[in-house]
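Note that ligands are numbered from 1 as they come in the structure, with each ligand's atoms numbered from 1 the same way. For this chain, numbers begin at 1 and follow the sequence in order.
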Amino acid sequence: MVVGDISTGTDVLVIGAGPGGYVAAIRAGQLDLDVTLVEKDAYGGTCLNYGCIPSKAMITASDLAHEAGHAEEMGIYADPEVEMGEMVGWKDGVVDQLTGGVEKLCKANGVELMEGRAEFAGENSARVVHGGDGQGAETVEFEHAIVSTGSRPIEVPGFDFGDEPVLDSRQALALAEVPESLVIVGAGYIGMELAGVFAKLGTDVTVVEMLDSVLPAYEDDLARPVKKNAESLGVDFHFGEAASGWEEAGDGITVATEDEDGEVSEFGAEKVLVAVGRDPVTDTLELSNAGVETTDAGFIETDDRARSNVEHVFAVGDVAGEPMLAHKASKEGQVAAEVIAGEPAALDYQAVPAAVFTDPEIATVGLTEAEADEEGFEPTVGQFPFNASGRALTTGHAEGFVRVVADEPSGFLLGAQIVGPEASELIAELGFAIEMGATLEDVASTIHTHPTLSEAVMEAAENALDHAIHTLNR
Ligand SMILES: Cc1cc2nc3c(=O)[nH]c(=O)nc-3n(C[C@H](O)[C@H](O)[C@H](O)COP(=O)(O)OP(=O)(O)OC[C@H]3O[C@@H](n4cnc5c(N)ncnc54)[C@H](O)[C@@H]3O)c2cc1C
């Protein structure tokens, strides 16, 4: 302890109040554990303040603006005017409502909230610095710790997020004006979601990607409609090129890229958004003081009870590895709290859904056909196109399909992939079906409401069983 430190004690110290940490803290509070949650920035973490929620708010707003201006087919003629400051203000209001709710829920569940930056001081103690200048620090003695410090965007050499025209996703979601032009480095899910937002708001968008396709983590037939639609919005793609630097040019900047043969290209823009992935935040925690090890990439490896290599230190969320998704963070947080409380909880990653909120959306859960094959199943697939769905046609969004993957001999559902309208919502039924050990027959014989997009799920299962009604069977 340094002079002026005070010392407190807690059963459970949670470091970081994102969807991993605040959920862990609330669950620990529900289980009557004495819990302290330390946050250095804002309750709700990346997800509520700078990630999932702000991006989805901006996607909704830009979709609305775009759709209102492109509904002539339905007899609607409009030319919406976008006031970016007001749009961002609305988004900030949504964020404030949610983060305020998190704070209230924590308090209502008896969670002690502590503002400051925490680092480990020993096996059972952490130092929390309030205000960041070494003054007003506090030592917290704990029985258990849960590390949930999340991730930060990776910087590409030559692109410093401190430089005004260089944006990370957080800065891009808080712009006061719609940029006239934008280069996006990276065609992963964050780059592609924001490419859609800005293209729909009228920005001239160029996407530069080192690999040879958009959304390389997803199967080709899922990513293809997203690329096609982005192109129809005017997005200009350049694959096989790595961004190498930028310089001021007139009123804007020039972004340089290099392909594998060393050929250099240049793209003019007002700003550049770098979205090439995220690194875990573990390097500022003095983990070695608690004996906690990380992988070379900085992740904390955990077992199926969210435990690190140190029995009483847990890690949840982005710091615990892929997939870096909010709902995976929250589930790990719940399990960590329950294990600490002595409950028989364990993690099960069989059916972790993932969604990309592009236009059209992509959502997946469980195994692809290729993965099922690799794992020794005898996969069978069924597919249903949205252009055969009455409801999809009535929404004006009928691109894409639902695909289910099952084990042919047993009929057990193994996975599903959806590209199309409301994919992020539709995937929930299939995740639940996998969790419940449902078969194709179970999904196919469940009566689905008509007319809804969810009928496509039933029809995909029927198609796998060779008796879909509204599409030709294989
Ligand atoms: C633009 C964008 C869009 C996204 N969209 C989605 C989406 O649609 N769906 C989805 O599932 N995921 C999405 N994500 C990912 C999601 O935000 C993360 O997976 C999720 O936030 C991880 O939660 P976490 O609790 O592990 O960490 P975080 O949410 O990052 O929270 C970590 C918290 O720890 C705090 N902290 C760090 N170090 C310390 C310290 N030493 N002391 C005290 N506090 C500390 C940080 O300030 C932060 O508040 C998106 C991310 C981005 C950037």
F357: numbered ligand 1 atoms lying under 4.0 Å from its heavy atoms: 8 (O)
For a side-chain hydrogen bond (donor to acceptor under 3.5 Å, both in side chains) check, start with the C-alpha distance between Q383 and R403, then their side-chain angles and the critical distance, and finish with the verdict. CA-CA 4 Å; Q383 198 154 308; R403 177 164 58 225; 3.2 Å; yes
Is the closest heavy atom of R117 to ligand 1 under 4.0 Å? yes
Can you list the atoms of ligand 1 that are under 4.0 Å from a heavy atom of Y189? 4 (C), 5 (N), 6 (C), 13 (C), 14 (N), 15 (C), 50 (C), 51 (C)
Options C47, G51, A24, P353, ranked by nearest heavy atom to atom 17 (O) of ligand 1, top entry: C47
Taking distance alone, with no angle check, do A326 and ligand 1 share an N/O pair under 3.5 Å? yes
Reference residue D359; test salt bridge (Lys or Arg N to Asp or Glu O under 4.0 Å); the match among K228, K227, K200: K200
Interfacing atoms of ligand 1 (cut-off 4.0 Å, heavy-atom, A42): 49 (O)
Please identify which of these residues, D168, D41, D283, D279, meets the salt bridge (Lys or Arg N to Asp or Glu O under 4.0 Å) condition with R152. D283
Is the H238 ring parallel, tilted or perpendicular to the F267 ring (thresholds 30°, 60°)? tilted
Return the minimal non-hydrogen interatomic distance between K271 and L167, and the atom names on each side. CD-CD1, 3.8 Å
Heavy atoms only: give me the nearest S181-E270 pair and the separation to one decimal. OG-N, 3.0 Å
Can you tell me if T284 contacts ligand 1 (heavy atom of the residue under 4.0 Å from the ligand)? no
If you measure every N/O of L325 against every N/O of ligand 1, is any gap under 3.5 Å? yes
Ligand 1 versus I15: contacting region, heavy-atom distance under 4.0 Å: side chain
Please write down residue, atom name and distance for the protein heavy atom closest to atom 42 (N) of ligand 1. A118 N, 2.9 Å
With a heavy-atom distance limit of 4.0 Å, tell me whether L285 approaches ligand 1 through its side chain, its backbone, both, or neither. side chain
One pair to check against side-chain hydrogen bond (donor to acceptor under 3.5 Å, both in side chains): E112 and T36. What are the steps and the verdict? CA-CA 5 Å; E112 179 77 29; T36 301; 5.9 Å; no
Numbering the atoms of ligand 1 from 1, which are under 4.0 Å from a heavy atom of R278? 53 (C)
State the atoms of ligand 1, each with its element, that fall below the 4.0 Å cut-off from a heavy-atom position in G150. 26 (O), 27 (O), 28 (P), 30 (O), 32 (C)
Considering only heavy atoms, which of E332, E193, K56 lies nearest to atom 5 (N) of ligand 1? K56
Carboxylate-amine/guanidinium proximity below 4.0 Å for R391 and E455: no
Any heavy atom of G116 closer to ligand 1 than 4.0 angstrom? yes
For atom 45 (C) of ligand 1, what's the nearest protein heavy atom and its distance? K40 CG, 3.7 Å
Nearest protein heavy atom to atom 34 (O) of ligand 1, by residue and atom, and its distance? G16 CA, 3.2 Å
At their closest point, which heavy atom of I427 faces which heavy atom of A416, and how far apart are they? CD1-O, 4.0 Å
Tell me the closest heavy-atom pair linking G191 and A275, and the distance in Å. N-CB, 4.0 Å
Ring centre gap for F161 and F159 strictly below 6.0 Å: no
Quick check against the 3.5 Å criterion: does D318 have a side-chain atom that pairs as donor or acceptor with the backbone of P280? no
What are the two closest non-hydrogen atoms of V102 and G44, and how far apart are they? CG1-N, 4.4 Å
Do me a favour and list the nearest non-hydrogen protein atom to atom 38 (N) of ligand 1 with residue, atom name and distance? T149 CG2, 3.3 Å
In the protein, what heavy atom is nearest to atom 31 (O) of ligand 1, and what distance, to one decimal place, separates them? G18 CA, 3.4 Å
Between the candidates G21, A329, A354, C52, which shows the shortest non-hydrogen contact distance to atom 9 (N) of ligand 1? C52
Do ligand 1 and D318 have nitrogen or oxygen atoms that lie under 3.5 Å from each other? yes
NZ/NE/NH1/NH2 to OD/OE distance under 4.0 Å, K56 and E193: yes
Checking heavy atoms under 4.0 Å, the part of P19 that sits near ligand 1 is both
Looking only at N/O atoms, are E39 and ligand 1 under 3.5 Å apart anywhere? yes
Can you tell me if H397 and E67 form a side-chain donor-acceptor pair at under 3.5 Å? yes
Atoms of ligand 1 close to S151 [distance to a heavy atom under 4.0 angstrom, numbered from 1]: 30 (O)
Compare every heavy atom of V226 with every heavy atom of P360, then report the nearest pair and how far apart it is. O-CG2, 3.5 Å
Please list, in number order, the atoms of ligand 1 under 4.0 Å from a heavy atom of G45. 29 (O), 31 (O), 48 (C), 49 (O)
For G20, take its heavy atoms, then give the atoms of ligand 1 lying under 4.0 Å from any of them. 25 (O)
For atom 30 (O) of ligand 1, which protein heavy atom lies nearest, and how many Å away is it? T46 OG1, 2.7 Å
